[in-house]
Number of protein chains: 2
Amino acid sequence: MGQRRYGQYCGLAQAADVLGERWTLLIVRDLLVGPKRFTDLRRGLGRVPTNILSARLKRLEAEGVVTRRVLPRPASSVVYELTAYGRDLEDAVLALGRWGARALGEPEPGETVTADSMIIALRAAFRPERATDHTVRFELHVADVVLTAEVKEGTLHLAEGPAAHADLVVRTGPAVRALLSGEITPARAVEDGQVLLHGDPGLLTTFTTLFQL
Amino acid sequence: MGQRRYGQYCGLAQAADVLGERWTLLIVRDLLVGPKRFTDLRRGLGRVPTNILSARLKRLEAEGVVTRRVLPRPASSVVYELTAYGRDLEDAVLALGRWGARALGEPEPGETVTADSMIIALRAAFRPERATDHTVRFELHVADVVLTAEVKEGTLHLAEGPAAHADLVVRTGPAVRALLSGEITPARAVEDGQVLLHGDPGLLTTFTTLFQL
DNA sequence: CTGGATCCCTCACGATACTG
DNA sequence: CAGTATCGTGAGGGATCCAG
């Protein structure tokens, strides 16, 4: 294992050593959303072999990126969460996600969307400098994922699940990417039927103002 | 190969697909410094097997990150360079490098420093907002790497090799990381002999102001 | 000499089954 | 639920060889 290191005294090489193994970056992505149990991580990653997931978590723990915590009774279950050092990966992960999102075309058959990946994508697209004078709550449906996005006092709150009293409910599919990247206008997306709204339709423009890749 | 994709419609998964194979991120690092020939890349990466380097370059070319260009005669050699899409990786790569640099302690025996990795590290550490009213030229020696860092009109110019008329020549080793991260003060580094100067010693404080992790 | 291609060996990864 | 055990496969490592 130590033999597989890059052998360069370089920050990027160090990062690649720690994060470069398969699945690791996606594990960090899901943990950036919040602490997770082993089985939750497993679900979010598609088809990770359990031995691989186990090995990656051990490695991340050894590197100080993740801590393993046993919840107090009566739950007594195990959760994995990022350390402060791990949370510092947010900038880099969002930057990578923005870059990768530009190369996404139409989803290939079999490709899935998870709540955590959508939450990270929205965090990456969020423009805080445009949010200072907006207070609004969206409920977003992408494929079969439902999440709540609330902007209040310039800060963003994202969570899985439906919103109570959403100002706008947005139902869409892969078109969300074209919408966020500006490839299609909100008006056009609604016109084409690629986005279905429930609430004030003008708020969709607010959405694409607040979230843009 | 298509079977190894993550199967998620997610920007980060896409980025991990393209960049996640071993060596790829370090290839991008060196190409961010400038176009390179096959053999230059080979040298900069330590001990990449040539078949692996070849396969990575083909993959990056297929993904639109790198272009392969045959120089006009009489050189007739081959250079690899980033496309515009590839250059857009700079933000993400610098962010990853900053994160990784924090975990670098003392270099382990056998770890090397290359000119390209130092140039990327300095780009990552550069604080343009502090550079607006500085014009200064440094010659930096780290281990056996020599490079020139010039700040002029708020912009940074980095190149391998010695500087003509440097305002300050800095000779150091692994201590450069502690200096950039603020773990030791410039005064202390000089005092300890971890940094040798030739020129106005006060400019070392300018250096640590302009470059900080 | 550069810019690779080829071969062989090893080990990490992936699939599946199983356990506290 | 939270992993460990086992085993086959293919990608990576290292050496060598070859064409322009």
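Each chain gets a letter, A, B and so on, in the order its sequence line appears, and its residues count up from 1.
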* To do: Specify the separation, in whole Å, of atom CG of B:Leu57 and atom C1' of C:dT2.
  => 14 Å
* For the pair made of CD in A:Glu21 and C1' in C:dG14, what is the distance, rounded to whole Å? -> 14 Å
* To do: Among residues two or more places apart or on two chains, list those pairs meeting ring pair (Phe, Tyr, Trp, His ring centres under 6.0 Å) that have a residue in residues 20-39 of chain B.
  => A:Tyr6-B:Trp23
From the list [options], which nucleotide is the closest neighbour of the side chain of [X]?
X       : options               : answer
A:Arg22 : D:dG12, C:dC13, D:dA2 : C:dC13
B:Thr50 : C:dT16, C:dA5, D:dG13 : C:dA5
A:Arg4  : C:dA12, D:dA2, C:dA5  : C:dA12
A:Ile52 : D:dG13, C:dG4, C:dG14 : C:dG14

* Keeping the roles fixed (side chain from B:Arg5, backbone from B:Asp17), state whether a donor-acceptor pair exists under 3.5 Å. => no
* Quick check: does any side chain N or O of A:Thr148 sit under 3.5 Å from a backbone N or O of A:Ala163, one acting as donor and the other as acceptor? -> yes
* Contacting residues from residues 27-41 of chain B, given that a heavy atom lies under 4.0 angstrom of DNA chain D -> none
* NZ/NE/NH1/NH2 to OD/OE distance under 4.0 Å, A:Asp116 and A:Lys36 -> yes
Phosphate-side-chain proximity, [X] and [N], N/O vs OP1/OP2 below 4.0 Å:
X       : N      : result
B:Ser54 : C:dA5  : yes
A:Arg68 : D:dG3  : yes
A:Lys58 : D:dT4  : yes
A:Trp23 : C:dC13 : no
B:Tyr80 : C:dG4  : yes

* Please indicate whether B:His134 has more than 12 foreign heavy atoms, meaning atoms of other residues, nucleotides or ligands, lying under 6.0 Å from its NE2. => yes
* To do: Would you indicate whether B:Arg127, at its atom CZ, is surrounded by more than 12 heavy atoms from other residues, nucleotides or ligands within a distance under 6.0 Å?
  => yes
* **Closest-nucleotide ordering on DNA chain C, the 5'-leading residue of B:Arg42 and B:Asn51** => B:Arg42
